[in-house]
Protein chains: 2
Amino acid sequence: MARRSDHSREEIREMALEAAERLIAEQGSKALSARKVATAIGYTVGTLYLVFENLDDLILQVNARTLDRLHARMLEELAPLDDPMERVLQLGHSYIGFANDHPHHWELVFEHRLPPGKQPPQWFRDKVRRMFALVERELKPLAGNRDSQAISRGAAALWSGVHGICILAIGGQLEVAGVDSVQSLTRSLMRNYLTGFRTNGSS
Amino acid sequence: MARRSDHSREEIREMALEAAERLIAEQGSKALSARKVATAIGYTVGTLYLVFENLDDLILQVNARTLDRLHARMLEELAPLDDPMERVLQLGHSYIGFANDHPHHWELVFEHRLPPGKQPPQWFRDKVRRMFALVERELKPLAGNRDSQAISRGAAALWSGVHGICILAIGGQLEVAGVDSVQSLTRSLMRNYLTGFRTNGSS
DNA sequence: ACCTGAACACCGTTCAAGT
DNA sequence: ACCTGAACACCGTTCAAGT
């Protein structure tokens, strides 16, 4: 058992988040519990409540780290590309790729619900917004003379579409639909949408 | 307390499902528990296990009823329309409308996860497939000379897109994105996608 | 000051025992 | 035969008590 002052609050926080991430990655979010996390880092469950407000708070912190990693991956895989269309398509592929590589973490970000009436804190909402802004930015060069509201809507539509594919794919509901490959579906969704976006707008 | 043979197995089943639906509708799926359902129908928790395999099974039955209602609503709202494009768009609006009217029930259908490795039973997958087939059928008149695989893919893309909008809207992540109205986003997604679908394909 | 350990009010699931 | 009630192994959260 850990004695007092073995670790700083910050160290305990980091240890707890890593333990939680391991549990989630290996067994899914249903296997996550305050008691398991505490045991995994050699502390009592009470100690977690000195560092986190409650379990929802801990999950929010885990989700923030997941969003950071997702954002970093999107930026990274975008970097080598020049063609505007290719760049937008790559955003979708990166998103799907991440969801596929880390399904449990990805699920938790979008399926975790705070108690009714509670909203995620602003710093968390900003991380979501940042990802959305990335789509908007890459969509702009394809948008011709469409105004910024149209671009926002286009980005939201694209993101929703890719997101929906991820969800249904993870839930196994797309095999039901007889679809061969998730990536080809993503490509089809984005390309067709963008064709319509450009056709119905700029000319 | 209920005495034995007060109700048939079928009656208990129906009472339990209704009680569960009420709990979910009013307080969300997190408030659902076997004990609460049992108490609500005047039986002991053990009794539920004579009628349902376990809590996952009870949830599956609730979800099946939700899918039936969603499907019925889509058919109903489709009936008065003639124009093929309007019909496809209506499917999206019905889907969003249902999710908006019954957010907790709708969420449970797509967020409930069976234990790792377990798949939903065939009869449940068929209910999902049936909804997908509806989209396929309505897409066909717009598909020109595209083959059935392209139509399947188109239906999957459309459904994914609308589904993603629902998820993000329910999670409150679309306000973050600065989108005015969910319905207009849906319309934009579907119209632009369909424009691309027809442009890139039939001609 | 830091952490524990026990308590409280819940869970899902099982099954011997009662009627 | 049908249902109960208690048990088991878990939960999240709190907080007096120990070091």
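Below, chains carry the letters A, B, ... as their sequence lines are ordered, and counting in each starts from 1. The figures that follow rest on heavy atoms only: side chains count, while hydrogens, waters and symmetry mates do not.
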Give every donor-acceptor pair under 3.5 Å between a side-chain atom in residues 163-172 of chain B and any protein atom, sequence neighbours left out.
| residue | atom | partner | partner atom | Å |
| --- | --- | --- | --- | --- |
| His163(B) | ND1 | Tyr95(B) | OH | 2.8 |

_I'd like to check the side chain to side chain donor-acceptor pair (under 3.5 Å) partners of Gln183(B); sequence neighbours left out, ordered by chain and number._
His93(B)

*Among dC3(C), dT14(D), dT13(C), which is the nearest nucleotide to the side chain of Tyr49(A)?*
dT14(D)

*Choosing from dC3(C), dT4(D), dT13(C), which nucleotide comes nearest the side chain of Thr44(B)?*
dT4(D)

_From NZ of Lys30(B) over to P of dG12(C), roughly how many Å is that when rounded to an integer?_
13 Å

_Glu138(A): which residues meet the side chain to side chain donor-acceptor pair (under 3.5 Å) condition with it, sequence neighbours left out?_
Arg87(A)

*Treating a pair as Watson-Crick (purine N1 to pyrimidine N3 plus N6-O4 or O6-N4) or G-U wobble (N1-O2 and O6-N3) with both distances under 3.5 Å, list the stems of 3 or more consecutive pairs that involve DNA chain C.*
C:4-8 with D:12-16, C:12-16 with D:4-8

*Write down the distance between CG (Leu50(B)) and C1' (dT4(D)), rounded to a whole number of angstrom.*
10 Å

*Not counting sequence neighbours, which residues clear ring-ring contact (aromatic ring centres under 6.0 Å, His included) with Phe98(B)? List them please.*
His102(B)

_Would Arg13(B) and Leu17(B) count as a side-chain contact (heavy atoms from CB on, under 4.5 Å) here? Give the steps._
CA-CA 6 Å; Arg13(B) 192 189 116 94; Leu17(B) 290 177; 3.8 Å; yes

*Return the nearest nucleotide to the side chain of Thr47(B); candidates are dC3(D), dT13(D), dG12(C).*
dC3(D)

Let me have the donor-acceptor pairs involving side chains of residues 30-38 of chain B, under 3.5 Å, with sequence neighbours excluded, atom names and distances please.
| residue | atom | partner | partner atom | Å |
| --- | --- | --- | --- | --- |
| Ser33(B) | OG | Lys36(B) | N | 3.1 |
| Lys36(B) | NZ | Ala31(B) | O | 3.0 |

*Over how many whole Å does the gap from Gln27(B) atom CD to dC11(C) atom P extend?*
11 Å

*Atom CZ of Arg9(A) and atom C1' of dA1(C): how far apart are they, to the nearest Å?*
9 Å

*asked:* Can you see whether His112(A) engages Asp56(A) through a side-chain donor-acceptor pair at a distance of less than 3.5 angstrom?
replied: yes

*Nucleotide dT13(C), atom C1' - distance to CG of Asp57(B) in whole Å*: 14 Å

*asked:* By nearest atom, which of the nucleotides dC3(C), dT13(C), dT4(D) is closest to the Asn54(B) side chain?
replied: dT13(C)

*asked:* Can you list everything that forms a side chain to side chain contact (heavy atoms under 4.5 Å, CB included) with Asp101(B)? Sequence neighbours excluded, please.
replied: Arg73(B)

Scan nucleotides 7-10 of chain C against the protein and return all N/O pairs shorter than 3.5 Å with their distances rounded to 0.1 Å.
| residue | atom | partner | partner atom | Å |
| --- | --- | --- | --- | --- |
| dA7(C) | N6 | Arg35(A) | NH2 | 3.3 |

*Identify, with sequence neighbours excluded, every residue that meets side chain to side chain donor-acceptor pair (under 3.5 Å) alongside Ser29(B).*
none

*What integer distance in Å separates Asp6(B):CG from dT4(D):P?*
9 Å

_Integer-rounded Å distance: dT13(C) P and Glu53(B) CD_ = 10 Å

*Could you pick out which residue, Leu32(A) or Gly46(A), lies toward the 5' side of DNA chain D when each is mapped onto its nearest nucleotide?*
Leu32(A)

*Would you mind reading off the distance between Ile59(A) atom CD1 and dC11(D) atom P, rounded to a whole angstrom?*
13 Å

